[in-house]
Amino acid sequence: MPGPGHRSRSTRRARVRARRNGFGGRDRPTVRSALPTRSAPSMRDVLIPALRDALSGLGVEPPAEIHLEQPARREHGDFSSNVALATAKAAGRNPRELAQQLADVLAASPPRHVTAVEIAGPGFVNFRLEPGWLHDQVPAVLAAGVDHGRSTLGAGRKVLVEYVSANPTGPVHAGHARGATYGDALARLLAFSGHDVTEEFYVNDRGVQMQTFADSLAARKAGEEPPEGGYLGEYITEWAAEMPDGEDPLIWGEARALLDQQEVLADLGVVFDAWFSERAMVNSGAIDSTLADLRERGVAYDADGATWLRSTEFGDDKDRVLVKSDGEVTYLLPDIAYHRDKFARGFDLLINVWGADHHGYVPRMKAAIQSLGHDPSDLEVVITQLVRLERGGEEVKISKRSGDLITLRDLIGEVGPDAVRLTYLLQSVDSPQTVDLDLVVSQSNENPVFYVQMANARLNSIGRVAAERGMQRLPLEQADLSLLTHERELEVLRNLYVFPQVVELAARERAPHKVTTWVRELAGSVHGFYHDCPILHLDTPEPLRQARWWLAEAAAVGLRNGLGLLGVSAPERM
RNA sequence: GCCCCCGUAGCUCAGUGGAUAGAGCGGCGGACUUCUAAUCCGAUGGCCGCAGGUUCGAAUCCUGCCGGGGGCGCCA
């Protein structure tokens, strides 16, 4: 079923390779090197100092941070500041009067592009700008190309993002998809924002569930039912049939599961830098050395025949057992050893993406890394709330043990990786999410992935049709961008302008869904522009055509960059 | 009992302490001899769970309730 979301395997692989270069983007901009780098200083960098100077001139101590926003309502101007409101009280001034004085000072020698400074409401200072400030966005975006929005925010900080980390006892299922898409998008976002990012999958290949898995495989191979509490999934039977005689079901089974997981995650565009084996770590003696370290630091003690971590000293509810009285280690100790290893590898910041069912585990993990002498803020745990899957309004339950599961492979096969990714990245991971599989599958306008990709496809169609008609785009230098005054054109430009701010905020807040929201807004403005501002029509004057054409190019760069951060493809035609 | 997340339009969800709270979908009514109508436009649709508090200003911050989800082991 070659629907719009369908891509060949080789295309996906190419995309996976492309993002290895530090960005989720794919296509190179067509115009990049040919352009002069006319840098467009952000209006914020013009207006905020102007406000600060004006405030000082009026004898008011400017606050450390001056707020400047772009009001949602057009009649409130292009930029708006609340400084008068924020400082009036401390300065013993009336906010409206202070705002008026600020406006007078600023209007007397208006900053670049400013046509009017007005006061409104309780004391807002509103700036009205001539469209020229936005026109600089076209050459700026085109010059930046795939780097538009890239920043050095992270200052090269070494970050380890650990996510998915599903047990190697079966296929990854739909329940893992949220963590997978979130972790991957977060990693792209952080890399794009100047962090040195490594993505890792922790392979929990040790312990009772691993043995149960192996026993289940062995039983199926022998033509028997899995043991009590074993894995009942259909895949166990299939894999058992594949397993050659004489293989150790634990070793072979893990390899089989990992192969399956790596394959399907790669199909989703999720590729890890490292798969970290718990068993290998344990075999290397990390448990003993970690325990010795903890004892040395005086945070481990023996009581009731067990060994405990004094985690209450670091904010945990109760002390935790590290080694049980029967001599077995608990799950906590290997986890501590694992995080100790992460720090030993030189990472400055650890980000773990965990499901909501593990949130209670956060305080003790934080306590553990503190007990090893690290700052608790060096470990961030992002909890993704649970996803409720529905089919036509009916809840679909997933349980690996019972074998009642929707695999990620099935999901991708039904809707394609783009729809899966965009669907999961639509909203904050703080909110529980309801995904109706019927809706995701439907190739209708209920599915936002098509809306966004369609915007890009439409922009791309301009070049194709122009080529058929023999129409030419002249060099950017010859375009008169000041002709872009239509509200639809300005709306696209405004969206392009805020992209770097959106990326920064999304990175700071570990919130890739903010990029999704932005992409949808840009796509919306592109559709409006496309609808109302024809480029190739014969009654469009040539100079306006050229200006719009370049705007379309810049918008396409924006769409590709935004989608690239989300790992969603930007097909040129649909 | 304690801890975490959520509660915003019929549904799914956005919403950096700001002004008249937004989008998509669904429903209603319009727009294709033109670059993709998978689009666009319009009208409709809201005690932002409830009650206090902080603030010049609260969907947003604080407290307490109510409702939903998840978690509180010498399980993993």
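Order of the sequence lines fixes the chain letters, A, B, ..., with proteins taken first and strands second; residue numbering starts at 1 for each chain.
- With P as the reference atom, B:A31 and B:G49 are 39 Å apart, rounded to whole Å.
- Rounding to the nearest 0.5 Å gives a distance of 6.5 Å between OG1 of A:Thr169 and CD of A:Gln209.
- Among the heavy atoms of the strands lying under 4.0 Å from A:Glu69 is at least one base atom, whether or not backbone atoms are also near.
- For A:Glu521, the salt bridge (charged side-chain N to carboxylate O under 4.0 Å, His left out) test picks out no residue, with sequence neighbours left out.
- In this structure, A:Phe276 and A:Tyr338 have tilted ring planes: the angle between them lies in the 30° to 60° band.
- For A:Arg73, a side-chain nitrogen or oxygen approaches OP1 or OP2 of B:G22 to under 4.0 Å.
- Both A:Pro71 and A:Ser461 sit near RNA chain B, but only A:Pro71 has its closest nucleotide nearer the 5' end.
- Scanning for salt bridge (charged side-chain N to carboxylate O under 4.0 Å, His left out) contacts around A:Arg520 gives an empty result, with sequence neighbours left out.
- When the P atom is compared between B:U8 and B:G46, the two are found 14 Å apart, to the nearest whole Å.
- Between the side chain of A:Ser428 and the base of B:A14 there is no donor-acceptor pair of N/O atoms closer than 3.5 Å.
- B:C28 and B:A43 are spaced 8 Å apart, taking the C1' atom of each and rounding to whole Å.
- Ring geometry for A:His176 versus A:His173: interplanar angle of 30 to 60°, hence tilted.
- B:C2 and B:U63 have their P atoms separated by 14 Å, given to the nearest Å.
- Heavy-atom contacts from other residues, nucleotides or ligands closer than 6.0 Å to CD of A:Gln472 number 12 or fewer.
- Glycosidic conformation of B:C32: syn, with the torsion inside 90° of 0.
- For the P atoms, the distance from B:G18 to B:A58 is 11 Å, rounded to whole Å.
- In this structure, the side-chain hydrogen bond (donor to acceptor under 3.5 Å, both in side chains) partners of A:Arg545, at least two apart in sequence or on a different chain, are A:Glu542.
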Any N/O pairs under 3.5 Å between the protein and nucleotides 28-33 of chain B? List them or say none.
none

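- Residues satisfying the side-chain hydrogen bond (donor to acceptor under 3.5 Å, both in side chains) test with A:Ser311, not counting sequence neighbours, are A:Asp316.
- Scanning RNA chain B for stems, defined as runs of 3 or more consecutive Watson-Crick or G-U wobble pairs whose donor-acceptor distances all fall under 3.5 Å, gives the following ranges: B:1-7 with B:66-72, B:10-13 with B:22-25, B:28-31 with B:39-42, B:49-53 with B:61-65.
- We find the CD1-CG distance between A:Ile535 and A:Leu459 to be 7.5 Å, quoted to the nearest 0.5 Å.
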Summary of protein contacts for nucleotides 67-76 of chain B, nucleotide by nucleotide, where a base hit scores B, a sugar-phosphate-only hit scores S (4.0 Å, heavy atoms)
--BBS-SBSB
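- Side-chain nitrogen and oxygen atoms of A:Arg469 include at least one within less than 4.0 Å of the OP1 or OP2 phosphate oxygen of B:C35.
- Distances from the side chain of A:Met574 to the nucleotides B:C13, B:A38, B:C40 place B:A38 closest.
- Looking at residues two or more places apart in sequence or on another chain, you find a salt bridge (charged side-chain N to carboxylate O under 4.0 Å, His left out) between A:Lys514 and A:Glu509.
- Here the CG-CZ distance, from A:Leu425 to A:Arg421, works out to 6.5 Å after rounding to the nearest 0.5 Å.
- Looking at heavy-atom distances under 4.0 Å, A:Pro534 makes contact with a base.
- Remark: A:Asp317 pairs with no residue by the salt bridge (charged side-chain N to carboxylate O under 4.0 Å, His left out) rule, at least two apart or across chains.
- In this view, A:Glu395 and A:Arg388 satisfy the side-chain hydrogen bond (donor to acceptor under 3.5 Å, both in side chains) rule, not counting sequence neighbours.
- Using atom P as the reference point in both B:U60 and B:G52, the two lie 14 Å apart (nearest Å).
- Looking at heavy-atom distances under 4.0 Å, A:Asn126 makes contact with a base.
- Toward the 5' end of RNA chain B, the nearer of the two residues A:His67 and A:Arg488, judged by each one's closest nucleotide, is A:His67.
- Using P as the reference atom, B:C62 and B:G7 are 14 Å apart when rounded to the nearest Å.
- The side chain of A:Thr434 contributes an N or O atom lying less than 4.0 Å from OP1 or OP2 of B:C13.
- Counting non-hydrogen atoms under 4.0 angstrom, A:Arg545 reaches nothing in the nucleic acid.
- Below 30°, between 30° and 60°, or above 60°: for A:His339 and A:Trp354 the angle between ring planes is above 60°, a perpendicular geometry.
- Judged by ring centres under 5.5 Å apart and planes tilted less than 30 degrees, A:His537 stacks against the six-membered base ring of B:U34.
- Under the rule for a side-chain hydrogen bond (donor to acceptor under 3.5 Å, both in side chains), the partners of A:Asp319 that lie at least two apart in sequence or sit in another chain are A:Tyr301, A:Thr312.
- For the OP1/OP2 pair of B:A37 and a distance below 4.0 Å, the side-chain nitrogens and oxygens of A:Arg458 include at least one atom meeting the criterion.
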Are there any protein N/O atoms within less than 3.5 Å of an N/O atom in nucleotides 54-60 of chain B, and if so, which ones and at what distance?
unit_1 : atom_1 : unit_2  : atom_2 : d
B:C56  : OP1    : A:Lys89 : NZ     : 2.3
B:C56  : OP2    : A:Lys89 : NZ     : 3.3

